[in-house]
Amino acid sequence: MDNGPCDQSSLFPADFAWGVATSSHQVEGGNTNNQWAAWEKRGKIKSKDCVGLACDWWRNAEQDFDLAQSLGVNALRLSVEWSRIEPEEGMWDEAALARYRQMLKALHQRGMRPFVTLHHFTNPLWFEAKGAFLAPESIALFQGFTQRVIAALGDLCRDWITFNEPNVYASLGYFLGEFPPGKKGRFVQAARVTRNLCLAHAEAYRTIHALQKDANVGWAQHYVVFKPRRPESAVDRWLCGFIDRRFNDNFAESIRDGRAPFPLNKLGQSLPEVKDTCDFVGINYYSRLRVGFEPRSLKTLFLQISVPPHKPQGDSGIEVPYGEVYPEGLRRAVEQFTAFKRPVYILENGVPDRADRIRPWVIESTISQMRGLLAEGVDLRGYFHWTLTDNFEWAEGWHLRFGLFELDPATQARTPRPSARLYARLIKEAGALVRTAG
Ligand code: FCB
């Protein structure tokens with residue numbers, strides 16, 4: 001474990017983006033028009049929690065922007081909720097766009113650079129009913145949405161993330177069944193979804209650049225360090241290598257090489273039109289997992305994921321452990337994407353840790369890893385901690401707590417965890433430049 005103090009401030013460029021990351025469904029509250037609200041209604045949240053008001057951002061994101069400002073961050077990542085902006089196909093809600101304009105202005109007023117995600121797991125109900133990203137028309141529909149958002153918000157933001165974790169969206173929704181639409185073992189469907197996400201991303205990339213010349217556009221890639229459960233087992237090693245390539249590189253390799261996602265590439269498909277459609281590489285990095293062959297896990301193609309109990313871990317998920325905390329893995333994540341030759345942003349990193357047992361160590365060690373990478377000349381431009389206040393953690397509901405601030409969803413009271421003070425101090429020591437109100 002690396003506990004070294006983070007005092008080599010000069011290594012961080014003054015305009016390094018120090019931020020916190022969030023997503024619309026997890027923080028806004030009061031929206032029943034997306035597939036996650038429907039999933040919750042069907043009793044699919046493992047904790048049986050309701051998203052309810054979430055962190056009440058739709059009415060009052062500004063109270064959390066104040067908290068973020070008190071930490072000294074100069075950037076904040078949020079997402080826009082498609083189901084609010086286009087509640088029915090072709091029907092645009094100007095009031096929703098106006099609310100997002102208000103939020104982005106509020107960030108600028110507090111010296112924070114907004115990073116806006118266009119799609120963070122949620123789909124409007126009408127879009128889900130059409131088959132979501134399995135449907136070929138999803139690409140044009142997402143393009144229409146993108147155009148509308150950039151036209152409305154483009155003067156207030158230039159950093160755009162098209163999709164959050166396309167690899168998680170496809171594998172949890174169509175292979176592991178943990179996310180809506182809850183399909184299990186649909187390997188080919190997951191690949192088709194990934195292909196359409198690549199095409200939708202590339203279209204969005206071009207649309208944004210057509211409307212905004214100096215836009216900075218990428219996506220957020222979830223990266224997991226995989227290790228064979230029994231390194232002496234050839235089967236575990238093979239499975240581990242397979243999962244590593246399929247999960248960590250499936251979307252990325254299409255953007256890098258114009259290749260269709262496996263197994264569609266084996267069927268002769270390619271995607272030359274998506275090649276090089278990114279201005280930066282965005283990485284979400286949390287954990288390391290062991291991969292083993294398990295003959296009883298038929299539905300997940302004999303794959304079993306585990307975490308050795310003696311390894312550092314945050315709180316466990318309701319059914320499965322969240323993962324080993326392994327800050328050194330950040331280097332592997334960054335190295336995985338060096339072939340892109342693009343600036344790198346860590347768009348998410350954090351740990352579920354209600355009692356703040358290991359979060360301080362996670363933050364310090366991760367920042368120390370970043371210092372090492374910067375010293376070696378890696379073009380690292382930003383770090384976003386997930387997250388500011390506890391929020392609604394998808395299928396885990398309120399069970400997993402990732403916040404620098406503890407949130408009581410019933411009273412909406414916020415209480416800083418020790419990590420909040422620590423993160424503020426480290427940002428200050430790194431010499432973060434907070435821009436004046438614009
Ligand atoms: C990431 C998601 C984010 C949040 C964190 C804990 O995979 O992008 O919404 O759930 O995990």
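Every number for a ligand or one of its atoms is a count from 1 in the order of the listing.
- Taking every heavy atom of F402 and a limit of under 4.0 angstrom, the matching atoms of ligand 1 come to 6 (C).
- For the pair R245 and E253, the salt-bridge criterion is not met [side-chain N within less than 4.0 Å of a carboxylate O].
- With respect to R290 and E324, a salt bridge is recorded, a charged nitrogen being found less than 4.0 Å from a carboxylate O.
- Looking from atom 5 (C) of ligand 1 to the surrounding protein, the closest heavy atom is Y286 OH, 3.3 Å.
- Proximity of V168 to ligand 1 is not established, as no heavy-atom distance is less than 4.0 Å.
- Heavy atoms of Y322 come nearer than 4.0 angstrom to ligand 1 in at least one pair.
- Remark: ligand 1 atoms within the under-4.0 Å shell around heavy atoms of N164 are 8 (O).
- Contact record, A106 with E62: CB-CG, 4.1 Å, taken as the closest heavy-atom pair.
- Contact atoms of ligand 1 toward Q26: 3 (C), 4 (C), 9 (O), 10 (O) (distance under 4.0 Å to a heavy atom of the residue).
- Ligand 1 places these atoms under 4.0 Å from at least one heavy atom of H222: 7 (O).
- Remark: minimum distance from atom 7 (O) of ligand 1 to any protein heavy atom is reached at E165 OE1, 2.6 Å.
- Within the 4.5 Å cutoff, no side-chain heavy atoms of F179 are placed close to those of W39.
- The closest protein non-hydrogen atom to atom 10 (O) of ligand 1 is E393 OE1, 2.8 Å.
- Residues E348 and N164 meet the side-chain proximity criterion, which asks for heavy atoms closer than 4.5 Å.
- The protein heavy-atom contact nearest to atom 2 (C) of ligand 1 is E348 OE1, 3.4 Å.
- For a threshold of 3.5 Å applied to N or O pairs, the pair formed by H120 and ligand 1 contains at least one separation below that value.
- Pairing each heavy atom of R84 with each of P87, the nearest pair is O-CD, 3.4 Å.
- Checked options R357, R354, R359; the residue passing with D315 is R357 (criterion: salt bridge (charged side-chain N to carboxylate O under 4.0 Å, His left out)).
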Does the pair F115 and F384 meet the rule for a side-chain contact (heavy atoms from CB on, under 4.5 Å), with working shown? CA-CA 10 Å; F115 280 63; F384 292 76; 3.5 Å; yes
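- Considering backbone and side-chain N/O atoms, S23 never comes within less than 3.5 Å of an N/O atom of ligand 1.
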